[in-house]
Amino acid sequence: MVTTALHIEKLVYGGEGLSRDGGQVVLTPFVLPGEEVRIETGEARSGVLRGRAVEILTPSEARIEPRCPYFGRCGGCQYQHATYEAQLEAKRAILTETLRRVGKIEAPAEIATVAAEPWEYRNRAQFHIEDRKLGYRERGSHKLCAIEQCPISSPKINECITILNGMLRDARWPKFIRSIEVFTDEGQVQLNVLESDQPVAVRFFEWAAERIPGLVASSLDYAGYRVSHNSFFQVNRFLIEQMVETALQGGEGARALDLYAGVGLFSLPLARKFESVTAVESGTGAVRDLQFNAERAGVKIEAYAQTVDEYLESRGEAPDFVLADPPRTGLGKHVVRKLIEWQPRAITIVSCDPATLARDMAALEGGGYRVERMTLIDLFPQT
């Protein structure tokens, strides 16, 4: 190991700070731009040195004391040592640089930011279970970081953590459960077993219902949306409405297409704005939820239980407006090619990965589109 004093230039996607040691790039977690840091490094991997901050020689004015006692060990958060304003500034800079580096795209001069309360925002959390302990994985490890509370999770989830920790110490707890998920609207609670070495008996959920106030048997009704087991829903309870409003800005015309539609978070408000709305979602359970949600809301939506690629191959009518909320892998070449063929008047992409966004945007710009507006919605503060 070698220890060197280095200057942190910037933060990169993933949360690490970039510095240089004689031209060699060094990436170090839990540091901030402008800081002078004594860093311990080992051998380079893939041309990059990984560092560990031994001492902060010159701290940034944005450095604060982390709120969580597990910060630095738990793999969930990367930014709790920075003020929230500094976190947002870093994320805008990372987005701008990624667009330039990956897509050769210059971001708009102004990137609007939508943010809310940076703590207790998560309405869904997944926990690993080992040796009758509950928690997250340690950073860069499969080792369990057992927890008693999680400050980025909602009050109801933290209540459930306390209850579940108590249940784990009870002889009735099934030792073969490996991971669970808690989803809540602060009233109802959905408990999902994600990994188990054998089937979990009904009596476990009956016992859980006795202990956890508001536990529902199957689906959870979240702000007018039925969300069943395994159906995706946005996890920041403070920003759902603002996210929908932002995504629908600029959507005009008669026909709208909602790709990767989930349970209809965007489809329902689109149906109140457009004459015709088509929703495409590969998860059959989510499509059933979407259809239920549309019927209950009194709106008409044509829903297809297909992958987006399958739908685009089998359909030929071009919409006026496309809203796409793809997974981290992004739209991909086939979807982008079809959109360019269709030439809808406007496309909104709700992206959770700046690199795949940059790739897709570059291809769309090559097909004649231009970026009209970009908004950074900070759904995951502290991370």
Side-chain angles (χ1 to χ4, degrees), residues 10 12-13 88-115 234 239 241-262 265-267 269-280 308-309 311-313 315-379:
K10 59 186 177 181
V12 299
Y13 186 54
L88 293 174
E89 182 180 344
K91 290 180 180 184
R92 282 191 293 266
I94 289 169
L95 175 60
T96 299
E97 182 188 48
T98 305
L99 292 173
R100 183 181 298 125
R101 177 173 52 82
V102 176
K104 306 299 186 288
I105 297 169
E106 289 300 321
E110 293 187 11
I111 299 177
T113 300
V114 175
Q234 295 293 342
L239 287 176
E241 291 184 7
Q242 292 182 65
M243 183 179 185
V244 172
E245 291 173 3
T246 302
L248 266 61
Q249 288 178 18
E252 298 176 348
R255 296 187 303 276
L257 176 62
D258 184 8
L259 302 179
Y260 317 92
L265 179 64
F266 299 113
S267 303
L270 281 170
R272 299 184 182 103
K273 188 173 182 178
F274 288 81
E275 295 177 13
S276 169
V277 173
T278 300
V280 183
V308 170
D309 282 5
Y311 172 83
L312 295 179
E313 279 298 321
R315 307 291 164 178
E317 188 176 14
D320 299 304
F321 176 68
V322 173
L323 194 154
D325 184 10
R328 289 191 177 277
T329 51
L331 299 176
K333 292 181 180 180
H334 177 260
V335 174
V336 169
R337 176 174 57 79
K338 190 66 177 180
L339 291 177
I340 291 173
E341 288 178 8
W342 274 354
Q343 288 288 303
R345 191 179 308 168
I347 301 169
T348 289
I349 303 174
V350 181
S351 170
C352 58
D353 187 288
T356 57
L357 173 66
R359 178 203 65 199
D360 293 338
M361 283 175 55
L364 286 166
E365 284 198 351
Y369 283 91
R370 61 179 175 81
V371 179
E372 184 175 273
R373 181 175 59 254
M374 184 174 291
T375 304
L376 189 151
I377 305 178
D378 192 32
L379 290 178

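Excluded from the calculations below are hydrogen atoms, water molecules and symmetry mates; all remaining heavy atoms, backbone and side chain alike, are included.
Of the charged side-chain nitrogens involved, at least one lies within less than 4.0 Å of a carboxylate oxygen, so that R100 and E106 count as a salt-bridged pair. For the pair E365 and R370, the salt-bridge criterion is not met [side-chain N within less than 4.0 Å of a carboxylate O].
Atom CG of L248 is separated from atom CG of L270 by 4.5 Å, given to the nearest 0.5 angstrom. One finds the CG atom of L339 at 8.0 Å from the CD1 atom of I349 (value rounded to the nearest 0.5 Å). Atom CG of L257 sits about 11.0 Å away from atom CG of D320, to the nearest 0.5 Å. Expressed to the nearest 0.5 Å, how far NZ of K91 lies from OH of Y13 amounts to 10.0 Å. A distance of 12.0 Å separates CD1 of I377 from SG of C352, quoted to the nearest 0.5 Å. Rounded to the nearest 0.5 Å, atoms CG (L99) and CZ (R359) are 13.0 Å apart.
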### Message
Using salt bridge (Lys or Arg N to Asp or Glu O under 4.0 Å), reason through E317 and R255 one step at a time and then give a plain yes or no.
### Response
CA-CA 10 Å; E317 188 176 14; R255 296 187 303 276; 3.4 Å; yes
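When every heavy atom of D258 is checked against every heavy atom of S267, the shortest pair comes out as OD2-OG, 2.5 Å. Counting all heavy atoms, side chain and backbone alike, D325 lies closest to Y260 at O-CB, 3.2 Å.
Among residues two or more places apart in sequence or in another chain, the side chain to side chain contact (heavy atoms under 4.5 Å, CB included) test is passed with A271 by V277, V299, I301.
Ring-plane geometry between W342 and Y311 is classed as perpendicular, the angle between the planes exceeding 60 degrees on a 0 to 90 degree scale with a lower cut at 30.
Within a 6.0 Å radius of NZ in K333, other residues, nucleotides and ligands contribute 12 heavy atoms or fewer. Heavy atoms of other residues, nucleotides or ligands lying less than 6.0 angstrom from CD of Q249 number more than 12.
A donor-acceptor pair under 3.5 Å is absent between the side-chain atoms of D378 and the main chain of A115, judged by distance alone. No side-chain donor-acceptor contact under 3.5 Å links R345 to the backbone of G251. Not a single donor-acceptor pair under 3.5 Å links the side chain of T348 to the backbone N or O of L323.
Looking only at atom types and distance, the side chain of R92 has a donor-acceptor partner in the side chain of T113 under 3.5 Å away.
Side-chain contact between T246 and V114 is present, with at least one heavy-atom pair separated by less than 4.5 Å.
Of the residues listed (D360, L357, V308), the one engaging L331 in a side-chain contact (heavy atoms from CB on, under 4.5 Å) is D360, and it is the only one.
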